[in-house]
Visitor: 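Below you will find the structure I want to go over with you.
Just so we're on the same page: letters track the sequence lines, and every chain starts at 1.
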Amino acid sequence: MSNKVIHALYNDDDILMDAVKTVKAADHHIDEVFTPFPVHGLDKAMGLAPTKIAITAFLYGITGLSFAIWMTNYMMIEDWPQDIGGKPNFSWFTNMPAFVPILFELTIFFAAHLMVITFYMRSRIWPFKSAENPDVRTTDDHFLMEISIHDNEKELKSLLKETGAVEIKVIENK
Amino acid sequence: MSSHYEAPIREPLVLGDKSYHDITVDIAKPIEGKANKNWYIAFTISLIAFLWGLGCITFTIGTGIGTWGLNKNIGWAWDITNFVWWVGIGHAGTLISAVLLLFRQRWRMAINRSSEAMTIFAVFQAGLFPIIHMGRPWDAYWVLPIPNQFGSLWVNFNSPLLWDVFAISTYLSVSLVFWWTGLLPDFAMLRDRAIKPFQKKIYALLSFGWSGRAKDWQRFEEVSLVLAGLATPLVLSVHTIVSMDFATSINPGWHSTIFPPYFVAGAIFSGFAMVQTLLGIMRKVTNLENYITRLHVEYMNMVIMLTGGIVAVAYASEFFIAWYTGSPYENFTYMSVGAATGPYGWAFWSLILFNILIPQLLWIRKFRRSFIASFIISIAINIGMWFERFDIIAIVLSKGHLPSTWTRFEPTFVDVGIFIGTIGFFGVLFLLYARTFPVIAQAEVKSIMKVSGENYKKLRDGNHE
């Protein structure tokens, strides 16, 4: 396992995109790219798999809907049925039209919150987490590409220089 | 660079010769600089209003709801008016960030952050009113379906008031996470710029350690899109359910099937008016004239014209139906000859003037693109939308089915004081927000710079000649 990485900084998203494509074409593995804003198409160029987070939202939504059905049925039909405004309370289904707003809101509630929590957990962001971007300029106007070195420092350096990097640094990981 | 193409006839969304770094500096400036005198004056006034409101709330809770101008026929008036008014204002934020995201409207990026902040602060104010009106606010948790010592006696899921509890708390909490998720990269920007250690610590905490990895951004964009898809029906459901508080009752004037779409249009109408009011001031105070431009103002005014038109048609149809039924009861609803000529005629005509007549000025392009005119018209709409709710509630309740129940609602100083207090509270929150939060979604603005920045557009369009 190598413990040396190279950091190449760029100051333009288009130059970065071309650089990512060049580096990929030269068969190097890009460990990470830090950018100040979403650069469209970067994930595809880097070869990242599409995110499945939308699917989790769908599943969470179904969970919320099921919970709402269970809750309205248990509270309004089974546990303590009441005659409210003559609305039928013999079965959940006959009383269901009055529950539609609740079913809808809980579906959204579960889908939205659990999806966001999933996002935070998967991307490892939460309160008191310390930032991991190696250079503070990557939240301003710089783009940083991180590649690990496997006895090819010179070759990488010259390749990155050609792609238009404004700064190239070699970092020793301890 | 063909992916950055935008038609040359479209006006640029970001003016001036801006680089990515310039955007960072511009957005961070109001936070890193010192507040000026105007800010302190505005803050002091808001704080005094807030404290006055707190005093009135304390008086209400200590003495009872009898301190309000309610009576046995008008069981709710000023409080529910304010509640609906604030919830309505709270509609533009999520509409701008969610619906406009789905429609790929890039102009939303300059205004979404602040209007979402407005949404959240406005919903806070709205939520206060039902809780105060309970009389025993410490029992407010009874609206939640939690097991209790009465048997368990559950909440009533058949009631629109309970639907409201679910709709508004879902709306508030989802808006909050939507807002905060969008804030993470911008807090990270402030964190990485901060020089003072305390400031750095605070923004490091607020940014949740956002690092801006490619994978994070991929998820971030997917989450934003899905949240927008979830928030769009949510925002429409909230005011639909608020309207059902009235529409499911059997009062003439309230029992109306057009209430849900009409209330939603009214909410967007008033929400955009409030955004116009707030941003009209903020763009000047925080020197963000290059980001919140005439074009943004014009687009917002177009939404105001559309939703204002829907509202006007709804009034017209309510008025027509009230007359067409020939029912004497319908002649005393808020949209009827009886209302126009009755003791609340001044409120009826205020509504017509502020909500229908004055906004028609926006058909004139000069007004639509004028900051001053938009500001004044937006204030008129804010007032008009308050009268709409007041008319719907107070006028309808003041004329019951039996003439012996006819009565009037007169607000007491406590009613007025609590309303002023919520405006003050809103002002306090918004002013603090404007000093400490990135008021424009700078990461998103950077991503459209090459598409719609004035300097890039000039460069690109110049090539054709």
Side-chain angles (χ1 to χ4, degrees), chain A residues 11 13-14 30 32-43 46 48 50-51 53-54 57 61 71-72 74-76 79-80 82 84-85 87 95 98-99 101-102 104-106 108-109 111-113 115-116 119-120 122-133 136-141, chain B residues 1 3 19-21 24 145 151-160 162-163 166-167 169-170 173-174 177-178 181 184-185 188-189 191-193 204-205 207-223 225-227 230-231 233-234 237 241 244 442-444 446-447 450:
Chain A
N11 59 5
D13 42 333
D14 291 314
I30 300 170
E32 201 55 80
V33 178
F34 295 90
T35 64
F37 57 82
V39 178
H40 293 280
L42 179 65
D43 47 347
M46 281 173 69
L48 292 179
T51 170
I53 209 146
M71 183 175 76
T72 46
Y74 173 69
M75 293 179 185
M76 301 302 290
D79 194 44
W80 193 320
Q82 294 172 89
I84 293 158
K87 290 191 180 94
N95 207 162
F99 301 150
I102 302 289
F104 173 78
E105 299 298 335
L106 282 180
I108 301 280
F109 186 89
H113 287 292
M115 174 184 64
V116 169
F119 165 49
Y120 287 180
R122 291 291 287 139
S123 281
R124 310 184 62 75
I125 41 180
W126 48 73
F128 299 103
K129 174 90 192 310
S130 43
E132 285 160 355
N133 48 331
V136 290
R137 286 170 295 174
T138 60
T139 53
D140 178 6
D141 60 346
Chain B
M1 287 201 202
S3 64
S19 68
Y20 292 143
H21 183 66
T24 306
S152 296
L153 181 62
W154 299 108
V155 291
N156 174 15
F157 287 113
N158 292 296
S159 162
L162 192 76
W163 303 343
F166 276 73
S169 44
T170 303
S173 64
V174 171
V177 294
F178 199 1
T181 304
L184 294 178
M189 177 274 280
R191 169 198 72 207
D192 288 346
R193 276 176 62 84
L205 172 63
S207 69
F208 290 7
W210 175 266
S211 306
R213 290 188 174 87
K215 190 72 190 175
D216 296 350
W217 280 117
Q218 186 198 40
R219 293 197 183 112
F220 178 92
E221 292 212 279
E222 187 89 353
V223 164
L225 185 66
V226 176
L227 273 182
L230 291 170
L234 177 64
S237 83
I241 291 174
M244 286 171 180
Q442 52 94 25
E444 287 192 87
K446 283 174 187 169
S447 74
K450 288 198 175 164

Visitor: Going by an N to O cut-off under 4.0 Å, is there a salt bridge joining B/K446 and A/D141?
Guide: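 No.
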Visitor: Report the C-alpha separation of B/F157 and A/M75 in whole Å, then their side-chain angles, then the decisive distance to 0.1 Å, and conclude whether the side-chain contact (heavy atoms from CB on, under 4.5 Å) test is met.
Guide: CA-CA 9 Å; B/F157 287 113; A/M75 293 179 185; 3.7 Å; yes
Visitor: How far apart are the closest heavy atoms of B/F208 and A/K129, and which atoms are they?
Guide: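 For B/F208 versus A/K129, the nearest heavy atoms are O-CB, 3.6 Å.
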Visitor: Quick one: does A/F104's side chain get under 4.5 Å of B/F166's, heavy atoms only?
Guide: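 The answer is no, as the side chains (C-beta and beyond) never meet within the 4.5 Å cut-off.
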Visitor: Please classify the contact between B/L153 and chain A as side chain, backbone, both or neither, with a heavy-atom cut-off of under 4.5 Å.
Guide: both
Visitor: Could you measure the distance from the CZ atom of A/F99 to the CH2 atom of B/W163? Nearest 0.5 Å is fine.
Guide: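 One gets 9.5 Å once the value is rounded to the nearest 0.5 Å.
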Visitor: Stepwise, does the side-chain contact (heavy atoms from CB on, under 4.5 Å) test hold for B/R193 with A/T139?
Guide: CA-CA 9 Å; B/R193 276 176 62 84; A/T139 53; over 6 Å; no
Visitor: So which heavy atom on B/S173 is nearest to which on A/F109, and how close?
Guide: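 Taking every non-hydrogen atom into account, OG-CE1, 3.4 Å.
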Visitor: Closest approach of A/E132 and B/S211, non-hydrogen atoms and distance?
Guide: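 Scanning both residues, the minimum pair turns out to be N-OG, 2.8 Å.
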Visitor: Assess, by modelled atom type and distance only, whether the side chains of A/N11 and B/Y20 contain a donor and an acceptor separated by less than 3.5 Å.
Guide: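 On atom types as modelled, these side chains do not qualify, holding no pair under 3.5 Å.
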Visitor: Answer yes when B/K215 and A/E32 have at least one side-chain N-carboxylate O distance shorter than 4.0 Å, and no when they do not.
Guide: no
Visitor: Between B/P160 and chain A, with a heavy-atom cut-off of 4.5 Å, which part of the residue counts as in contact: side chain, backbone, both or neither?
Guide: neither
Visitor: Can you see which heavy atom on B/W217 is nearest to which on A/P36, and at what distance?
Guide: CZ2-O, 3.4 Å
